[in-house]
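Notes follow once the structure below has been shown.
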Amino acid sequence: MKKILNNPNDYVDEMLAGMVAAHPEYYRLHGDTGKVVARAQKAVDGKVGIVTGGGSGHLPVFTGYVGTGLLDTCAIGDVFSSPSAEQMADAIRAADQGAGVLRLYGNYGGDVMNFDMAGDLVEFDDIECTTVLLADDVASAPPAEHEKRRGVAGMVYAFKLAGAAAEAGGDLAAVTAVAQKAADACRSVGAALSPCTVPQAGKPTFEIADDEMEMGMGIHGEPGVWRGKLRTADQIAGEMMDRLLDDMPLKTGDRVSIMVNSLGATPPEELYILYRIVKQRLESVGVEIVMPLVGRYATSMEMTGVSFTMCKLDAELEDLLKAPCDCAFWRVG
Amino acid sequence: MKKILNNPNDYVDEMLAGMVAAHPEYYRLHGDTGKVVARAQKAVDGKVGIVTGGGSGHLPVFTGYVGTGLLDTCAIGDVFSSPSAEQMADAIRAADQGAGVLRLYGNYGGDVMNFDMAGDLVEFDDIECTTVLLADDVASAPPAEHEKRRGVAGMVYAFKLAGAAAEAGGDLAAVTAVAQKAADACRSVGAALSPCTVPQAGKPTFEIADDEMEMGMGIHGEPGVWRGKLRTADQIAGEMMDRLLDDMPLKTGDRVSIMVNSLGATPPEELYILYRIVKQRLESVGVEIVMPLVGRYATSMEMTGVSFTMCKLDAELEDLLKAPCDCAFWRVG
Amino acid sequence: MSNIDRASVITAIERLAAAMERDFDMLNTADGALGDGDLGITMRRGMRMVAENSATIPDDLGLALLQCAQAFTKTSGSSYGTLLATGLMAIAKSVKGQSEVSAGQVSELVAAARDKMQARGKADLGGKTVLDSLDAVAGATAGKTGTAEVADAASKAVDDALDALRDKKATIGRARIFADKSVGMDDPGMLAMNRIIKALANREG
Amino acid sequence: MSNIDRASVITAIERLAAAMERDFDMLNTADGALGDGDLGITMRRGMRMVAENSATIPDDLGLALLQCAQAFTKTSGSSYGTLLATGLMAIAKSVKGQSEVSAGQVSELVAAARDKMQARGKADLGGKTVLDSLDAVAGATAGKTGTAEVADAASKAVDDALDALRDKKATIGRARIFADKSVGMDDPGMLAMNRIIKALANREG
Ligand SMILES: Nc1ncnc2c1ncn2[C@@H]1O[C@H](COP(=O)(O)OP(=O)(O)O)[C@@H](O)[C@H]1O
Ligand SMILES: Nc1ncnc2c1ncn2[C@@H]1O[C@H](COP(=O)(O)OP(=O)(O)O)[C@@H](O)[C@H]1O
Ligand SMILES: [Mg+2]
Ligand SMILES: [Mg+2]
Ligand SMILES: [Mg+2]
Ligand SMILES: [Mg+2]
């Protein structure tokens with residue numbers, strides 16, 4: 001296990017302790033579970049709160065995106081495990097500034113059940129809650145069952161767009177509508193070359209030969225659409241763009257942001273090699289790229305691989321994308 | 001080889017093409033070799049130019065740090081290979097705004113020879129050049145031979161501090177003096193858990209068992225001070241801090257910035273686990289941490305491992321560290 | 001034997017906590033084959049907290065079960081803990097204000113738990129999950145009123161459910177991605193419910 | 001035989017370019033064992049560019065060698081290319097304005113190259129590098145004036161240098177990190193200089 005850690009059971013607590021120690025200007029731990037991260041400075045009264053949550057091991061997702069113009073709070077579980085409903089309820093309470101709270105997170109069974117349960121738990125606190133789920137991974141279910149899809153890096157766009165809407169003073173319905181529009185505008189697909197190791201499990205999440213890749217694999221190692229010999233960067237990028245454009249056809253004049261995201265170990269050098277093809281493909285159909293994001297935005301620790309996320313923009317979303325935001329991992333404006 | 005690429009010979013050219021395509025607001029390619037990166041907007045006339053250079057495969061080092069408050073230009077070679085003297089000469093010419101150029105780079109034989117040769121080549125152009133070498137890796141030679149040490153992540157501090165001095169209008173002597181002060185103030189040490197693969201070589205730079213680590217290993221796989229069983233995060237952090245503090249003892253009231261840097265594959269989760277100990281150690285001797293940098297600042301593609309860099313600050317350096325800078329990988333202010 | 005009251009709940013908690021200590025490895029292993037291997041952790045951690053606080057549980061069985069449910073929502077984010085808590089809360093709602101429950105109510109209470117858990121997890125019956133175990137228990141205990149009679153029926157029902165579903169493919173949760181591999185293997189959540197029911201029914205071994 | 005002039009430089013370039021095509025794999029392999037395996041690449045790429053432009057080299061031997069040097073500073077950032085270019089530029093400086101050079105000058109010209117390369121690379125003599133080959137050549141050809149005599153002495157010197165240094169540890173460049181392993185192995189740069197000198201001296205095979 002090529003990981004730097006102490007007791008695997010302390011991985012997440014120590015990670016969070018280090019994170020808030022390194023960035024006290026951005027983050028603080030809230031409550032007594034030690035697994036709720038909140039903005040260092042609570043947002044202004046009357047701002048709609050945005051809460052997210054999910055398993056650890058995906059930095060900057062989820063906790064990293066707590067910040068101005070982004071999220072208010074985040075409940076974080078063990079690596080690849082949902083936080084508990086109580087933690088999520090704590091996070092919802094901490095996100096509330098009196099204008100209600102949007103639960104904005106990825107479509108995973110455990111997370112959904114717990115956020116629903118957390119909703120029951122905060123009913124007593126009279127906090128109005130809405131929910132928007134990201135289900136952007138096109139490889140995880142066909143279009144007809146798109147609501148079954150997993151939520152992956154598209155959530156970064158949703159955090160940004162909904163976060164900007166909330167910061168601009170939108171009410172809960174308006175912020176929720178933006179988040180839903182953002183979720184609907186995102187399509188993602190990933191390809192993995194090597195696994196990561198969940199500390200408590202101590203062994204890689206899957207096995208794969210040294211000359212193999214898997215197209216469409218999920219961020220926790222969920223099986224993809226094919227496994228085979230490693231292809232060239234241009235072939236991989238081409239197929240991934242095909243999959244995205246098949247699912248959400250674009251036409252001349254459309255404007256999109258595109259994220260070329262490392263799952264962890266894949267270096268920026270290789271993301272840039274892929275980005276050449278991404279850009280060519282979109283430009284060849286007359287699509288304008290707005291604020292491309294190339295880097296590590298949603299990862300699975302030391303997994304090798306990439307994901308592409310396409311976010312189709314209208315004028316409202318484009319303004320929100322360009323609005324300022326600030327956290328330890330991402331700054332706009 | 002778990003890498004996403006096309007023809008290995010095109011790795012660097014395609015990487016640079018994608019990088020300038022993704023960040024046209026920051027970078028442009030200069031000259032006809034295709035291997036010199038310059039700021040998208042040339043700095044104002046009369047600003048001292050800062051040029052760097054070295055092998056590819058270390059993003060954000062070197063090219064990534066071209067930007068306001070940082071570098072003017074960078075000559076980039078193949079992966080882990082020095083750029084040619086001609087490319088460096090091109091980069092020096094492109095960095096010149098009439099006030100001379102500081103060559104600021106890491107102490108590697110090939111790079112030194114080529115930058116010296118490049119100096120000969122630009123003599124005809126009447127560009128005044130100075131040189132500051134980073135030699136911050138304490139594991140690569142004892143204190144008595146500190147000028148033989150390799151240059152590693154300390155160069156990020158040197159880029160930042162000298163870059164701020166140049167942006168503030170310092171003349172060549174002043175900017176060079178700041179760069180030298182910064183270089184002298186930095187100490188680094190690294191530990192590697194797994195190698196990376198140079199595309200053209202097609203095989204890992206070294207072999208290491210799955211339960212082993214190597215303390216003090218260089219960023220290209222240069223042998224370190226010991227190899228043995230993987231230790232815990234706290235033990236690793238403790239030993240690395242010992243090595244740094246032995247080499248540059250600190251006392252109560254000293255102010256330092258510290259970088260906890262991933263060599264590539266090691267995720268931010270594990271950097272934060274390490275940072276806890278780093279902070280405890282420095283605070284336990286009464287040292288104040290200023291602007292800690294935890295992330296991927298100087299890497300070796302998909303290598304697993306970490307480095308710590310300590311930069312001791314006086315009032316001048318601290319102001320320069322906090323001055324604004326902006327590139328695709330790092331923003332201050 | 002008499003009705004279920006605070007004292008019998010405490011006894012049941014003790015048996016259940018002991019069972020979950022005993023089955024810790026077995027449940028982790030079963031979940032490890034088809035999921036993330038934490039089911040033993042979830043159950044042991046939850047039951048330890050329930051047992052630790054059992055001295056303070058109120059007479060009102062609704063409030064008592066609510067306290068048990070919270071142990072699971074606090075200690076675990078794994079699906080099973082949340083589903084159990086959901087089921088416990090459903091039962092708690094039905095028996096709120098009562099300090100005794102008769103064996104004859106077991107069937108409808110289990111059915112209420114099943115329905116609330118189904119609403120939460122959005123799984124179908126027959127999908128090879130804990131719901132199928134509960135459904136079998138609700139069915140087998142329906143119309144029965146004697147404590148021993150109910151206990152026997154329930155503990156047979158969880159065995160039957162395992163047999164009935166074993167050769168189906170998993171359709172839900174993490175196990176779904178191992179659908180083919182899951183044929184012939186017991187669903188970890190059904191296995192856990194088997195042990196839970198037997199401990200509650202005092203029909204172990 | 002007569003002095004070295006433009007024509008003999010062009011002939012030498014052709015022989016050298018051919019030798020570097022031939023030795024491409026051998027030099028990569030030698031450098032691969034102790035360094036990054038690019039020495040064949042460096043030499044072939046540099047000599048290809050030199051050969052491509054050989055039709056246009058000037059009569060002035062100084063300018064001619066400068067052009068050759070530039071082929072190396074342009075095509076490679078590897079140490080050897082830069083050192084070769086440094087040496088060539090040192091010789092170019094000495095012979096600037098001359099269209100002929102006599103065999104008797106070879107020793108001092110090689111010594112000039114050696115010194116400039118030593119200044120650039122800051123290595124010591126005896127450090128098992130290309131400097132030792134050049135030093136041997138400069139020594140062996142000193143006082144000799146006949147073309148054949150100089151060619152024989154130079155090509156024997158590069159063999160002797162390999163023998164003399166083979167069992168030493170590498171002290172310089174990437175090979176230094178394999179210091180122990182390098183004992184008994186030829187330094188790749190010395191090996192390359194062996195082939196270069198033999199091609200120039202037309203003493204191959
Ligand atoms: N949506 C669902 N509906 C009903 N039962 C479910 C559901 N999801 C999981 N389960 C049950 O929970 C068991 C797994 O529980 P657990 O190990 O806690 O899940 P995880 O660790 O994946 O969150 C399954 O064997 C199944 O019986
Ligand atoms: N500083 C130096 N001084 C003298 N010779 C050197 C020096 N560095 C390298 N060499 C010579 O160059 C050879 C390696 O050349 P090359 O493969 O181009 O190096 P690299 O690829 O490491 O830059 C060595 O075998 C040695 O003979
Ligand atoms: Mg599980
Ligand atoms: Mg789990
Ligand atoms: Mg080499
Ligand atoms: Mg080289």
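Each chain gets a letter, A, B and so on, in the order the sequences are listed, and its residues count up from 1. Remember, it's a predicted structure, so these values are computed and weren't measured experimentally.
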Please report the interatomic distance [atom1]([X]) to [atom2]([Y]), rounded to the nearest 0.5 Å.
| X | Y | atom1 | atom2 | value |
| --- | --- | --- | --- | --- |
| B:S262 | A:R296 | OG | CZ | 6.5 Å |
| A:L16 | B:R276 | CG | CZ | 11.5 Å |
| A:E269 | B:M15 | CD | CE | 5.0 Å |

Do [X] and [Y] make a side-chain contact, defined as non-hydrogen atoms from C-beta onward lying under 4.5 Å apart?
| X | Y | answer |
| --- | --- | --- |
| A:Y275 | B:M19 | no |
| B:L274 | A:I4 | yes |
| A:Y272 | B:E14 | no |
| A:N6 | B:I273 | yes |

Relative to chain A, which segment of [X] carries a heavy atom at a distance below 4.5 Å: side chain, backbone, both, or neither?
| X | result |
| --- | --- |
| B:H23 | side chain |
| B:L271 | neither |
| B:A209 | backbone |
| B:Y11 | both |

So which of [options] has the largest heavy-atom pair count under 4.5 angstrom toward chain A?
| options | result |
| --- | --- |
| B:E302, B:E212, B:K279, B:R331 | B:R331 |
| B:P268, B:A265, B:P292, B:A22 | B:A22 |
| B:D210, B:V294, B:V260 | B:D210 |
| B:P60, B:G295, B:G57 | B:G57 |

Quick one: what part of A:L230 sits under 4.5 Å from any heavy atom of chain B, side chain, backbone, both or neither? side chain
With a 4.5 angstrom heavy-atom cut-off, is it the side chain or the backbone of A:I236 that approaches chain B, or both, or neither? side chain
Check B:D211 against A:K2 and note the closest heavy-atom contact, atom names and distance. N-NZ, 4.4 Å
